[in-house]
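As structure tokens, the structure follows; a few thoughts come after it.
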Amino acid sequence: MLRATESNAQLVRVKDVAKVKLDAQQYITYFKSVVRDPSTHELKVVPATALALYLVPGANQLQVKKDYMNLLSEISKHMPDGVKFYNHYDSSEFVILSVEAVVSTLIIAFILVFCVVMLFIQNIKGTIIPVIAIPVAIIGTFAGTFALGFSINTLTLFGMVLAIGIVVDDAIVVLENVERLMAEEGLNSVQAAIKGMGQVAAPVIAVVCVLNAVFIPVAFLGGFSGILMQQFAVTIAISVLLSGIVALTLTPTLCAIFLRNVKHGEKHESKFKPLQWIYWFFDKFNVGFVKFQELYMTIVVKIIDNAKKAMIAWCIVILAVIVMFIKIPTGLVPLEDMGYYYDTIHVNSGGAIDYNVDEAISLSKDLMNHIPELDRIAILGGKDIVDNGSTKTNTSTLSIIMSDYAQRPNADQGVDAVIKKTTELQSKHLRVTGFPYNQPPIRGMSTTGGVTFYLQAALPDIGTPQRIHDDGVKLAAYLQKEYPQVVGSAFQLYDVKTPEINVKVDPRKAYLYDVPYANIFNSLQSTFGLYYINYFTKWNDLWWVLIQSEYQYRNNSELLNVVYAKTSSGNKMIPIGSLATFEYSNGAELVTRMNDYIGSQIIVNPNPTTHASSGDVMNAIRDAVPKVLGKDYSIQWFGPSYMQNLAGNQSAIAFSLGLIMVFLILAALYEMWALPMAIMMALPFALLGAALTLLIFRMENNIYFQVSMLTLIGLSAKNAILIVEFAIEAVRNENMSYRTAAIHAAKVRFRPIIMTSIAFILGAIPLATATGAGANSQHSVGYGIIGGMLGSTLIATCFVPLFFIVVMNLSKKETA
């Protein structure tokens with residue numbers, strides 16, 4: 001109740017002078033859902049409210065979804081008529097689809113590896129031997145990742161896909177050597193298995209040690225990129241270790257059993273027509289492979305005979321690799337088609353929320369009617385998620401959900417194409433400005449997928465919102481004009497055109513009438529805004545007590561003159577119009593600060609037509625800011641750009657650690673400091689193939705590609721180890737010259753190198769050809785692996801014999 005101050009006053013209750021009700025604290029945001037009626041397929045706009053669920057660290061997303069859907073199903077039974085619930089955006093769907101895509105890739109890779117082994121071994125018994133190693137290693141890897149606390153996610157499954165090609169390598173090396181001894185020396189399967197293991201046990205152990213030496217140090221890297229590489233590295237390391245154990249134990253046993261009655265050198269005969277075609281193909285393949293091997297040996301001999309020219313060519317390759325990796329654009333992680341995108345729209349500055357929402361509904365209906373790839377749209381009226389989730393009456397954000405991937409399999413139905421269509425349609429709505437944008441693939445890093453940064457005032461006295469707005473506009477225009485090959489679009493988010501009324505209190509009049517400043521502004525706030533009194537408890541919740549004038553007393557700026565303020569004594573009310581003047585102007589609705597300094601958020605999107613990367617854009621920004629604005633501003637990266645800048649040289653550290661560990665492991669195995677250099681010198685050819693692949697397909701050097709580079713270190717070393725190991729054994733045991741031993745090793749080891757390399761390349765092809773959820777990430781891994789392995793297999797293997805000869809001659813060490 002209110003108490004009057006007059007002596008004859010009676011009690012006056014609040015309800016006598018005001019309307020009192022339990023209500024929402026604010027009416028500045030609206031949520032509307034634009035959906036199709038399931039029966040008539042007509043569009044309808046329904047009011048809704050949103051509930052956002054976030055997982056705690058370590059939670060199982062799929063289990064959480066199952067639990068909350070069961071809970072909502074129970075709650076829905078008690079909902080009022082006409083109220084329903086649905087999942088507007090379910091991030092678990094992308095997770096499920098990504099996992100399914102990688103699992104299908106896993107199956108395809110398994111089939112391709114089986115076909116490659118069958119092509120070279122040419123009997124079903126021999127083919128089964130290395131293929132058995134796949135499920136053994138994969139199951140063991142699952143057990144290892146579970147024991148270490150890792151989950152099944154895209155990265156660990158990427159590791160599984162590559163592991164298929166890796167785990168069969170060791171088994172293929174063992175099997176091929178046993179088959180060769182049975183064919184060339186006429187040994188039975190048991191004798192061949194025993195002798196073969198004596199020859200290949202050392203290179204198998206070396207390969208396992210080298211691959212683990214590459215990946216284990218990566219598991220200890222910190223930071224964002226370190227966490228991503230860590231899960232991949234641990235998966236590969238476990239699978240490689242298990243594959244080595246299988247190759248040294250299970251594979252020779254299976255060779256002795258499965259190859260017991262297999263005859264070599266006999267012509268295949270069958271009355272079954274399809275088998276005749278298969279045997280005919282095998283014969284043609286064998287003839288072709290012999291010619292291919294002869295060509296390879298001719299090239300090896302020519303390279304050895306022209307050692308100086310070959311070493312010059314090797315130096316040129318190193319320089320070319322350095323130049324290409326400088327030229328290749330960089331990025332953090334590739335953007336994905338995640339099945340949804342946002343569109344933040346604005347009406348005129350200071351526009352009313354109802355007008356804003358009406359325009360958003362009109363645009364949403366237009367999008368749904370003209371873009372068949374869209375499924376539903378949620379309108380977050382009054383919410384600007386780009387500007388840090390701020391609330392603005394003239395802004396709405398559309399959360400646009402696309403149809404299932406199966407319903408839009410073509411490239412022109414992907415998220416980039418749909419965003420382009422959205423932009424074109426939006427341009428026809430003249431009362432609306434805004435931009436649609438894709439989301440970063442790792443949620444929580446940012447709300448936009450472009451390069452985001454804050455133009456931060458370098459000194460506290462630089463700034464007014466108007467100046468930083470003007471400078472932001474100048475910088476955005478400069479970026480688009482001077483860097484057209486890199487920058488697709490650039491815009492700053494400061495709005496300094498919001499209508500304002502400046503209240504200037506005359507201090508002399510306020511003193512004369514004995515009215516405190518606080519009373520003046522409290523009266524204005526309680527009339528034209530919300531004024532907090534206190535709170536009370538009801539239904540186990542806190543309710544704020546807020547006062548505000550009726551709409552009719554605050555819908556016109558002229559009413560400012562008839563608002564009254566109380567004097568210090570409390571016995572007089574003075575009209576504020578007598579104490580202050582009112583001026584109309586424009587200004588910033590929100591003033592953004594970064595690190596306590598005034599700042600402007602700017603978003604720059606790479607040019608999609610030139611395949612520019614986020615790294616190119618960041619370099620352009622670093623170059624442009626001092627040119628346009630001098631030293632008055634600094635750059636503060638935000639979101640994915642911040643993480644990319646923070647990652648810095650993490651991949652270079654991982655790469656360097658991998659090289660150092662490989663060298664030390666090989667030096668320990670061979671008990672020589674020089675010989676490992678013959679293996680390390682083959683690496684530039686793998687990097688050459690990977691770099692050329694990126695340039696040809698206009699891809700960026702991101703974290704996923706860098707993961708494939710780590711894999712290439714081990715795989716490139718593996719091919720070289722197979723040659724070098726046989727060469728050094730020939731020198732030590734058979735007293736061959738370096739040249740003769742190198743040529744002999746190249747000839748003997750050519751077939752298993754080709755077998756294992758083709759198996760691994762074909763195992764990575766499903767990654768390079770993936771579509772749908774998570775496809776771009778798979779492409780980054782797949783293309784890098786394929787290009788690098790082609791360079792390692794087709795070029796490096798030709799040079800390794802020469803490297804062996806050069807290194808051994810330079811070492812000046814006699815080998816018994």
Side-chain angles (χ1 to χ4, degrees), residues 203 210 291-327 655 659-660 662-663 666-667 670 672-693 695 712-713 715-732 734-750 753-754 757 787-816:
V210 164
K291 293 181 179 179
F292 181 51
Q293 186 177 25
E294 291 173 353
L295 174 63
Y296 165 73
M297 294 308 302
T298 302
I299 295 174
V300 167
V301 172
K302 286 187 177 181
I303 289 175
I304 293 174
D305 291 340
N306 297 273
K308 291 184 179 180
K309 293 180 180 179
M311 294 305 296
I312 293 173
W314 177 71
C315 294
I316 293 173
V317 167
I318 294 176
L319 292 175
V321 168
I322 294 172
V323 171
M324 283 191 287
F325 272 99
I326 292 174
K327 294 290 185 182
F655 203 75
L659 291 175
I660 293 171
V662 168
F663 178 83
L666 291 174
Y670 294 125
M672 294 176 62
W673 287 107
L675 190 57
M677 290 305 302
I679 297 171
M680 304 295 289
M681 291 169 70
L683 182 59
F685 297 104
L687 299 180
L688 175 68
L692 283 174
T693 304
L695 291 174
L712 283 176
I713 294 178
L715 294 175
S716 178
K718 179 214 70 176
N719 288 344
I721 286 171
L722 293 178
I723 295 176
V724 169
E725 178 69 28
F726 265 67
I728 194 65
E729 288 299 319
V731 171
R732 289 172 174 173
E734 301 180 27
N735 203 27
M736 290 185 181
S737 65
Y738 296 149
R739 175 189 171 89
T740 304
I743 294 174
H744 169 72
K747 183 176 182 180
V748 172
R749 292 290 86 196
F750 180 70
I753 287 174
I754 295 297
S757 298
M789 284 305 297
L790 287 174
S792 175
T793 306
L794 299 179
I795 306 176
T797 51
C798 297
F799 280 78
V800 170
L802 171 65
F803 296 154
F804 173 79
I805 297 171
V806 171
V807 167
M808 294 303 293
N809 284 328
L810 291 176
S811 68
K812 306 294 184 180
K813 182 175 181 180
E814 291 293 332
T815 306

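Fair warning: this is a prediction, and the values are worked out from it, not measured in the lab.
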Where Leu666 and Val210 come nearest, the two heavy atoms and their spacing: CD2-CG2, 3.6 Å

Does the pair Arg739 and Val301 meet the rule for a side-chain contact (heavy atoms from CB on, under 4.5 Å), with working shown? CA-CA 9 Å; Arg739 175 189 171 89; Val301 172; 3.9 Å; yes

Closest contact, heavy atoms only, Thr693 versus Gly689: OG1-O, 2.7 Å

To the nearest 0.5 Å, what is the distance between CG on Leu687 and OG on Ser792? 10.0 Å

May I ask you to test the Phe804-Leu675 pair for a side-chain heavy-atom distance under 4.5 Å? yes

To the nearest 0.5 Å, how far apart are CD1 in Ile753 and CG in Asn719? 5.0 Å

For Val807 versus Ala678, what's the shortest heavy-atom pair and its separation? CG2-N, 3.8 Å

Once you round to the nearest 0.5 Å, how far does CE of Met680 lie from CG of Leu659? 4.5 Å

Just verifying a value: how many Å separate Ile723 CD1 and Ile743 CD1, rounded to the nearest 0.5 Å? 12.0 Å

Is any side-chain heavy atom of Arg749 closer than 4.5 Å to one of Ile721? no

Non-hydrogen atoms of Ala690 and Leu712 that approach each other most closely: CB-CD1, 4.0 Å

Taking all heavy atoms of Pro801 and all of Ile304, pick out the closest pair and write down the distance. CB-CD1, 4.1 Å

Heavy-atom check, side chain of Tyr296 versus side chain of Lys747, under 4.5 Å: no

If only atom types and distance count, is the side chain of Trp314 paired as donor or acceptor with the main-chain N or O of Met681 below 3.5 Å? yes

Verdict with supporting geometry, Ile679 and Phe803, side-chain contact (heavy atoms from CB on, under 4.5 Å): CA-CA 8 Å; Ile679 297 171; Phe803 296 154; over 6 Å; no

CZ on Phe750 to OG1 on Thr793, rounded to 0.5 Å: 9.5 Å

Over all atoms of both residues, closest heavy-atom pair of Ser716 and Ala682: OG-O, 3.6 Å

Would you call Gln293 and Ile754 a side-chain contact if the rule is heavy atoms closer than 4.5 Å? no

Between atom NZ of Lys309 and atom NZ of Lys302, what is the distance when rounded to the nearest 0.5 Å? 11.5 Å

In the structure I gave you, are the side-chain heavy atoms of Leu692 and Met324 within less than 4.5 Å of one another anywhere? yes

